[in-house]
Structures are given as C-alpha cells and as structure tokens.
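In what follows, a single structure is set out as structure tokens and then discussed.
The structure presented is a predicted model; accordingly, all values stated were derived computationally and were not measured. Just so it is clear: chains get the letters A, B, ... in the order the sequence lines come, proteins before strands, and each one is counted from 1.
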Amino acid sequence: MLLIDIISGVFIFIGCLFVFGGAVGLVRMPDFYTRLHAASVTDTGGLLFISIGLILQAAFVFDNPMAAIKIALTIVFLFFTAPTASHAVAKAALMANIIPQCQNGKSVVDESLTALYKDKDKDLSSVLMPVDPPEIISNFANAEADNKDKST
Amino acid sequence: MFLALVIVIILSLILVMIRALLGPTLYDRLLAVNSAGTKVVILIAAYGFLTGRPDFVDIALLYALINYIATIAVLKFFEYGDLGSGAYQEDDL
Amino acid sequence: MSVDAIVIEHVIVMVLLTLLIVVAVGIIILNDLLTAVILSGLYSLLSATVFVAMDAVDVALTEAAVGAGISTIILLGTLSFTKRVQKPQEHNNYAALIIVVMTGGALIYGTLDLPSYGDPNSPANSHPQLAQHYLTESQKEIDIPNVVTSVLASYRGYDTLGETAVVFTAAIGVLSLLGLRRRRRKEDPLLTDKQQRKQQNEDN
Amino acid sequence: MVEWLAFYNDWAVIVIMMAGFYIMIARYNLVKKIIGLSIFQTGIFYFYVGLGKVDNGTAPIFLEPKVIDESAANVASGIAEQTILYSNPLPHVLILTAIVVGVATMALGLALIVRIYEKYGSIEEDDIQAIDSQFICQLDDKK
C-alpha cells in the first residue's frame, strides 16, 4: 500500500508541475500562439500523469476498479478531443489574421502567408516553406531603419 | 496528496481565469476556457478522491465531452458566423 | 472525516464561489457579447464544480449537460441570428446600482437567521417526514440506491410531470416563434471569398 | 470556524444573485439580460443546494455495507459505530427540475430576441424604445 502511495504520489506531483507550469505560461507568455503552446501541451501531459496516479489510487487503495476504468476512459476521450480543440483554436486564430510574433514584436511570417493560406486554389508549397533567412534579415534591417527614422 | 492536488488545480484555475478575463483577443479567452475545462475535469475527479468516494468520475467524463462540443461550437461560429450549414450571412465578425 | 476535513470542504466551496463572483463581474464589465457567452461557459464549468463540492452530483451532471452544453449552443445560435457587438453604454446606471445594493443588503440581513452552512440539525435536514424519511425508508420502499432518483421519479413524480409540461410548452413556444422556415440566402456582394466558395460548393 | 465565516457562502450567493440582477436591470442588451437571468438563477441554485449540505455527509447515493465498515475503520478519530451521513436529497431534486425549466425559459427568451431583431433590427432596449415612441408619434400625427 505504501509503495502504491509513493508511485502515484510521484505521478501526481509530475502532473501538478505540468498543469501549474502550463497555467503560469498561459498568463505570462507574450503572444497567442505561445500561450496556445503552453496551455495545450501541458494540459494533455498533466492530465495523463495525474490520471495515471488517480488510476493507481482507485485500483489499489480505494479498491474501486470501476472508477479506474472511468478515469482511463476520460484519458482516452481527452486525448482525442483536447489536441483537436487546440488545433481548431489555432486554425481559427490564423484565419482571423492573428500573426505569430517573434521577440522584438515584429512578425516572423509575412502577412501575405495568411492571405495565401485562405486562398486554397494557389499552390501552398512555396508559401509553407520557411522564409529565406536573407529576407528575414533584410526585414529586420528595414524595421531598424524605420525605428531610427522615427527616433530622429 | 489529494488535497495538494486540489489546491494546485484551483490555483492554476485562478491563473487561467485571469487570462480568460484579461485576454486581449477572443481566441485567448477561448483557449483559457478550454484549458479551464480540462482543469475542471481533473478537479472533479480529484475531489471525489479527496472526500473518499471516487464513484463520481463519470461527471468528469461527461465534462470532457461537453467541453469539447462547446469549444467546437464556438469555433464554428468564429469561422462561419453561423452554427447551421445552410445560411451564410454576412455579419460583423 | 475529522474537523479538518470539514474545514477543507468549506474553504474549497468558498474559493469556488469567490471565483464565480469574479466571473460574474467580468460578464458585467466586458462589452463583447461573444466574450460574455464564452465567460458564461466558464461560469457553468465552475458552477458544476461547486455542485460537486456541495455533494449534489446529480445536479452537477445536469448542469454539465444543460448549462455548459445546451445554453452555450443556443446562445451562440441567437448571436448568429442577431448582432454580436453590444452597443457601448455611456453612463453608469447609478439608480440600478442603488436598487441592487439595497436588495442585497435586505437579503444579507435575512441570512443572519439562517442555519449555518452544513448544519446537520437544521430544520430542512432533520425534518422526520421529508429528508430523514427519504434517507431511511426509500431503500425499503422503492429500492433504488440513488435517493435523488427515487424522490424525483416516485415521491415527487407530479413535479417531474409538471416540469415536462413546462419544457413541452417552451418547445411549442420556440417553434411557433421561430418556426421551421428557412432564412432566405441573400446574394450579398460583401460576402468573403471563403464563404462564397462554400456557397458554390454547396450549390454544386 | 470563525463565526462570520459561517455565513460567507450565503453572502457570496447573494453577491452572485445581485450581479445577475444588475446585469438584468442596467444593461440594455437583451442577450446580456438573458445571461444575467441565468446567473441570477444559478445563485438561487447554490443557495438551495447549500441548505441541503450536511457536514461529514456524502452525496445521497447509498453505499454498500462493506464500504461503510471500511470507512468507519478509516476514521482516525475513533468514532467506530457512527452511521454514515447523507446530504439532504430534496433540494437536489428541486434544483434538477429548476435547471431544466430554466433552460427552457432561456430558449424561449432567446427565440423572442431573434424575433425582435427581425422586426426592429436591434437588440438594444433603448433603440427598441426609441423606435416604438417614434411609431406612436407617427400614429398621433396621422390622427
């Protein structure tokens, strides 16, 4: 009994770390997509670990196998639904022209990407490739030049 | 152990609620509510263990499904401005 | 369970109710209707947790199915037929605030005579012909382990019949108001490309 | 527990109810009013269900006798022969009915709002009243 308590306690502790870290990330992250990343990944992981701990407790300590089966079903359903919901949120946000940002607040992706993504007739293979590094550098150079112009 | 679990989940629920209330865009709020749904599922399951009767996990099971349905309904509304498939009307989305 | 367990349960209920107050205030302040609908979904999620913490698991099940599922969906359906943005209000309504504060003060004065939360000897919990009868006799009389089900379906079956009548009347009312008619699709030049493509796909 | 904390739940419930009440009478948007109505309702639900809660009690679903013995053995404070306590099932039944009726009411109100929007083109109360008064003025002019 003690062994089971220790094992499930370790699982629940790991899950608590995941869940709490995800919640902190949801508040602290600067951008929608980073928040999405923080929330969805840690929710799924935290749920998995906590549920494993609860299953161990239900099956061995509480002697209630039905509850263990129900928690296992919860894991199965949430592993289908939670990533789907996260994907749907991300897709809807991309459709609504919310653009991923990088450190200095400048857009990583060209705004034309989202416009092209909506237009399904065009060939997306060229767009979905990452933008050429020289182009990004030139974008940043332009942005810095703009900033200097504004400051002067 | 279960008490610590419940406390951690309530704390993270508070954090998630801060994002749901402050979130600059609607998608932030929706993401926060979706995440809160997952946390509520864990909270209900853990509360059953805390009070010594883990029979009530089926509420958590139901919640896991209902939360998904609500999120998808909201997203469908975002994307098409409508819940049905027949009328595509212009609105001020 | 010891005294500590009671304190823990009380504190959990208190914290959850406080969170509910915060969400309700958020619904008051924020102007976007879609935000209000999303927050009311969050409200239903929290409220089912409160019901679980108050030992009302059947109520929590119903609230989960009805509050979080059906209410959100019918509110969204209404928003899809009407406007999404609430008109911003210029003035705060101080008369309404005064009325609300006075009503709340009167109600709080009324609570001072109530039995405290979780009192097993309160009149509602110790009445020999209601709660105690259901708890002690229903296993013999009806033989269902869930007391709520036996009270709902047998002791108070006419209540449930009346509830069904009310729901039926409401369904008739909704159908006669909205009808089964289809909304006519307008050929609007302002439709976005995606919606136009969807429309074409449906026509083909 | 501290004396005044015994009433904290009731007061929180009253604050929730008053928040819903404030939305209903101070916000002009009709959909917002319906949301406020549902908040007011849930405040009443918490009040009823909270009245039925019994300390040390569990949900009113009968346990197997074996579990009763185990939980009695688990009680560390040494109350060996204590019968198990259940919460009051009657408020739960009433609230079950009330939730379903509340959703029916809400659906009816939302259907009315859709009809109002089709007629008036607005779901703001002051707009609707302005249109109404304009209409009445036109009738008076015709007379």
Side-chain angles (χ1 to χ4, degrees), chain A residues 5 8-9 12-13 15-29 32-33 35-36 38-40 42-44 46-47 50-51 53-54 57-58 61-62 64 66-78 80-82 84-86 88-96 98, chain B residues 1-2 4-9 11-20 22-28 30-32 34-39 41-46 48-49 52-72 74-79 93:
Chain A
D5 271 344
S8 63
I12 288 178
F13 179 71
C16 283
L17 279 186
F18 268 92
V19 168
F20 192 71
V24 171
L26 189 61
V27 175
R28 292 278 300 163
M29 287 285 184
F32 170 72
Y33 292 97
R35 282 176 211 140
L36 179 81
S40 59
T42 54
D43 265 359
T44 322
L47 180 93
I50 291 177
S51 303
L54 290 183
Q57 284 281 327
V61 178
F62 285 84
N64 195 341
M66 200 60 215
I69 293 171
K70 282 173 190 167
I71 299 176
L73 276 179
T74 312
I75 296 184
V76 171
F77 282 130
L78 271 177
F80 278 116
T81 58
T84 316
S86 302
V89 173
K91 188 187 168 206
L94 196 63
M95 287 290 190
I98 295 177
Chain B
M1 183 167 64
F2 299 121
L5 177 60
V6 166
I7 288 173
V8 166
I9 295 204
L11 281 181
S12 49
L13 202 55
I14 292 173
L15 289 176
V16 165
M17 262 180 52
I18 291 173
R19 179 50 70 194
L22 291 184
T25 65
L26 276 168
Y27 301 96
D28 286 311
L30 189 62
L31 174 67
N34 192 15
S35 172
T38 315
K39 287 175 178 54
V41 168
I42 306 174
L43 179 60
I44 290 176
F49 283 91
R53 290 191 73 182
D55 310 323
F56 306 131
V57 189
D58 30 4
I59 305 173
L61 189 58
L62 182 66
Y63 252 88
L65 297 173
I66 291 287
N67 186 37
Y68 172 70
I69 291 173
T71 308
I72 292 300
V74 174
L75 285 169
K76 197 174 175 199
F77 180 78
F78 274 152
E79 205 163 324
L93 267 178

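A pairwise comparison of heavy atoms in B:Ile72 and A:Ala88 identifies CD1-CB, 4.1 Å as the closest pair. For the residue pair A:Asp43 and B:Lys39, the shortest heavy atom distance occurs at OD1-NZ, 2.8 Å. Residues A:Leu54 and B:Leu5 share a closest heavy-atom pair of CD2-CD2, 4.4 Å. The heavy-atom pair separating B:Asn34 from A:Ala85 by the smallest distance is ND2-CB, 3.3 Å. The two residues B:Ala64 and A:Leu78 make their nearest non-hydrogen contact at CB-CG, 3.8 Å. Contact detail for A:Val19 and B:Ser12: the closest heavy-atom pair is CG1-OG, 3.6 Å.
Proximity to chain B (any heavy atom under 4.5 Å) is shown, for A:Leu36, by both the backbone and the side chain. The parts of B:Ala32 that come within reach of chain A are both its backbone and its side chain, each placing non-hydrogen atoms under 4.5 angstrom from that chain. Only the side chain of A:Phe77 comes within contact range of chain B, judged by heavy atoms closer than 4.5 Å. Heavy-atom distances place the side chain of B:Phe2, and not its backbone, under 4.5 Å from chain A.
By the 4.5 Å heavy-atom criterion applied to side chains, B:Phe49 and A:Ile12 are not counted as neighbours. In this structure, A:Met66 and B:Val57 have side chains that are not in contact, with every pair of non-hydrogen atoms separated by 4.5 Å or more. A heavy-atom distance below 4.5 Å is found between the side chains of A:Phe20 and B:Leu15.
Atom CD1 in A:Ile50 sits 4.5 Å away from atom CD1 in B:Ile42 (nearest 0.5 Å). In this structure, CG on B:Asp28 lies 4.0 Å from CZ on A:Arg35, to the nearest 0.5 angstrom. Atoms CG and OG1, on B:Leu65 and A:Thr81 in that order, are 7.0 Å from each other to the nearest 0.5 Å.
With chain A as the partner, the residue from B:Asp58, B:Thr71, B:Leu30, B:Asn67 showing the most heavy-atom pairs under 4.5 Å is B:Asp58.
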